[in-house]
Amino acid sequence: MRFTLRQLSYFVAAGETGSVTRAAEQVNISQPSISAAISHLETEFGVQLFVRHHAQGLSLTPAGQQLLKAAKGSLRSMYELYDVASAAIGTVAGPISVGSFRTFAPLIMPEIWQGFSAEHPDVKMTVTEGSEADLLEGLRMARIDVALTYALHMTPDMDFQPLAELPTYAVLSAAHPLADREQVLLSELENTPFILLDMPLTRQYFLNILDQSGVSPRIAAETASPETLRSYVAAGLGFSLMSVRPRNMSAPNGLPLRYVAIKDEFPLMQVGLASLKEMRRTSVIDAFEAYCREQITTGALPGMAP
């Protein structure tokens with residue numbers, strides 16, 4: 001062959017993301033390297049793989065779509081060689097791509113990544129983060145092998161292994177009149193403006209909680225950034241709802257926050273590992289799941305307050 005598996009993986013990243021820029025971010029390589037790999041494969045196979053749109057990314061040609069499917073199959077076969085070698089020498093080795101839900105990625109993933117890599121040094125682990133919708137799409141497109149996320153909106157094509165249950169908290173500024181309470185009814189916050197976490201699927205979950213409690217929120221701001229949300233709340237612009245409670249109770253702007261338990265009754269959030277049922281599991285994925293089961297349990301999650 002006059003092309004490499006690395007070039008093939010760069011092509012797959014570009015084909016799945018539709019962008020040289022996003023492909024470079026996904027595989028942590030320079031944009032010129034992605035472009036060079038695509039050009040090399042087009043020359044080698046004698047076909048045009050993409051239509052380039054100025055400032056609008058890439059579109060796969062019919063030949064590119066066929067090659068993308070075959071390339072992904074070839075890469076999966078290559079990963080199976082790691083399992084064969086691992087079984088022969090009694091170690092866990094090979095690549096794994098993990099997706100993490102954006103709100104708890106900075107809390108849970110650093111310790112999980114470091115600890116799993118220390119326990120299995122022959123595993124090459126990459127981590128991406130996104131919304132629930134992003135992660136489900138990544139699993140279906142085989143961009144990620146497994147996703148650490150919530151059980152919300154799981155579809156029949158997904159397998160979900162629960163790890164822990166999380167309550168939802170009312171997030172208040174330290175200066176809020178109810179900030180020192182141990183518990184609060186959501187109806188007591190109805191006159192306080194609401195800061196909404198505007199991420200696909202997530203926003204509707206929190207709005208449903210308010211609706212079930214008979215609260216009509218006065219939305220003061222919407223943001224897809226958990227960090228921005230915390231800073232808005234800490235500055236006294238409103239309250240919010242979150243199911244993650246960091247060990248550090250300060251917002252990114254340095255102002256203090258309070259996470260107050262909610263009296264209203266609604267189901268706890270389940271956090272766990274999602275994967276695509278039709279994808280073949282590898283020994284690395286099994287080892288990662290086992291490690292997560294040891295480290296992520298109800299009441300004791302890395303990076304979070306107990």
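Only heavy atoms go into these numbers, but all of them, side chains included; no hydrogens, no water, no symmetry mates. Computed from a predicted structure; not experimentally measured.
The distance from atom OG of S243 to atom CE of M304, rounded to the nearest 0.5 Å, is 9.0 Å. Going from atom CG of D157 over to atom CZ of R140 covers 4.5 Å, rounded to the nearest 0.5 Å. Here the CD1 atom belonging to I96 is positioned 9.5 Å from the OG atom belonging to S283, to the nearest 0.5 angstrom. To the nearest 0.5 Å, the span separating CD1 on I29 from OG on S9 amounts to 9.5 Å. The line from CG of L5 to OH of Y10 is 11.5 Å long, rounded to the nearest 0.5 Å. To the nearest 0.5 Å, atom CG of residue D159 and atom OG of residue S275 are 4.5 Å apart.
Here the closest non-hydrogen pair linking A13 and V27 is CB-CG1, 3.9 Å. Contact record, A251 with R230: CB-O, 3.4 Å, taken as the closest heavy-atom pair. The shortest heavy-atom contact between D122 and V92 is CB-O, 3.7 Å. Between V12 and A71 the shortest heavy-atom distance is CG2-CB, 3.8 Å. Counting all heavy atoms, side chain and backbone alike, L163 lies closest to C292 at CD1-CB, 4.0 Å. Nearest heavy atom pair, residue P95 against residue V284, reads O-CG1, 4.1 Å.
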Applying salt bridge (charged side-chain N to carboxylate O under 4.0 Å, His left out), run through E16 and R22 and close with a yes or a no. CA-CA 10 Å; E16 291 179 335; R22 290 198 296 272; over 6 Å; no
Check the pair R203, E132 against salt bridge (charged side-chain N to carboxylate O under 4.0 Å, His left out), reporting the backbone distance first and the verdict last. CA-CA 11 Å; R203 64 172 286 138; E132 291 164 301; over 6 Å; no
Could you walk me through whether I144 and L135 pass the side chain to side chain contact (heavy atoms under 4.5 Å, CB included) check? CA-CA 8 Å; I144 56 178; L135 297 177; 4.2 Å; yes
Salt bridge (charged side-chain N to carboxylate O under 4.0 Å, His left out) between R247 and E111, worked out: CA-CA 13 Å; R247 292 173 187 156; E111 291 182 40; 3.1 Å; yes
The test is side chain to side chain contact (heavy atoms under 4.5 Å, CB included); show your working for V127 and M125 and say whether it passes. CA-CA 7 Å; V127 177; M125 180 171 164; 3.7 Å; yes
Stepwise, does the side chain to side chain contact (heavy atoms under 4.5 Å, CB included) test hold for V51 with L60? CA-CA 6 Å; V51 176; L60 284 163; over 6 Å; no
Quick one, I262 with Y169, criterion side chain to side chain contact (heavy atoms under 4.5 Å, CB included). Give me CA distance, side-chain angles, the key distance, then yes/no. CA-CA 6 Å; I262 298 172; Y169 296 92; 5.6 Å; no
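Q212 and N208 share no side-chain donor-acceptor pair at under 3.5 Å. Side-chain contact, S131 with D134: a donor N or O sits under 3.5 Å from an acceptor N or O. A donor-acceptor contact closer than 3.5 angstrom is absent between the side chains of S33 and R6.
At least one side-chain heavy atom of I219 sits less than 4.5 Å from a side-chain heavy atom of E222. With contacts defined as side-chain heavy-atom distances shorter than 4.5 Å, the pair D198/T223 does not qualify. Counting heavy atoms from C-beta on, the side chains of L41 and I38 never come closer than 4.5 Å. Here the side chains of T168 and M242 are not in contact, with every heavy-atom distance at 4.5 Å or above. Two residues are said to be in side-chain contact when any heavy atoms from C-beta on lie closer than 4.5 Å; T149 and L273 fail this criterion. At least one side-chain heavy atom of D180 sits under 4.5 Å from a side-chain heavy atom of R258. By the 4.5 Å heavy-atom criterion applied to side chains, L241 and V171 are not counted as neighbours. With a 4.5 Å cut-off on side-chain heavy atoms, V146 and F288 count as touching.
A donor-acceptor contact shorter than 3.5 Å is absent between the side chain of D264 and the backbone of L185. Although no hydrogens or angles enter the test, the distance criterion places a donor-acceptor pair under 3.5 Å between the side chain of S240 and the main chain of I195. Looking at T298, its side chain does come within 3.5 Å of a backbone N or O of E165 through a donor-acceptor pair. Within the 3.5 Å criterion, the main-chain N or O of F101 finds no donor-acceptor partner in the side chain of E129. Between the Q7 side chain and the T4 main chain, a donor and an acceptor come within less than 3.5 Å of each other. Using modelled atom types, one side-chain atom of H40 and one backbone atom of R2 make a donor-acceptor pair closer than 3.5 Å. At distances below 3.5 Å, not a single donor-acceptor pair connects side-chain atoms of S213 with backbone N or O atoms of V215. Using modelled atom types, one side-chain atom of R245 and one backbone atom of P306 make a donor-acceptor pair closer than 3.5 Å. Formation of a donor-acceptor pair under 3.5 Å by the E190 side chain with backbone atoms of S216 is found in this model. In terms of modelled atom types and a separation under 3.5 Å, the side chain of T61 and the main chain of Q48 share a donor-acceptor contact.
Ring to ring, F11 and F50 are close: their centroids are under 6.0 angstrom apart. Taking the six-membered ring where the residue is Trp, the centroids of F206 and F194 are separated by 6.0 Å or more.
Neither L268 nor Y259 shares a network with the other; the hydrophobic side chains, linked directly or stepwise wherever heavy atoms of I, L, V, M, F, W or Y lie under 4.5 Å apart, form separate groups for each. Y150 and L207 end up in the same hydrophobic cluster when Ile, Leu, Val, Met, Phe, Trp and Tyr side chains are linked at under 4.5 Å. No chain of hydrophobic side-chain contacts below 4.5 Å, direct or via other Ile, Leu, Val, Met, Phe, Trp or Tyr residues, connects L229 to L255. I209 and L196 fall within the same hydrophobic cluster, where Ile, Leu, Val, Met, Phe, Trp and Tyr residues are linked whenever their side-chain heavy atoms come under 4.5 Å apart, directly or through other members.
Other residues, nucleotides and ligands contribute over 12 non-hydrogen atoms within 6.0 Å of the CZ atom of F104. Heavy-atom contacts from other residues, nucleotides or ligands closer than 6.0 Å to CZ of R218 number more than 12. Counting heavy atoms of neighbouring residues, nucleotides and ligands inside a 6.0 Å radius, atom CD of E294 exceeds 12 of them.
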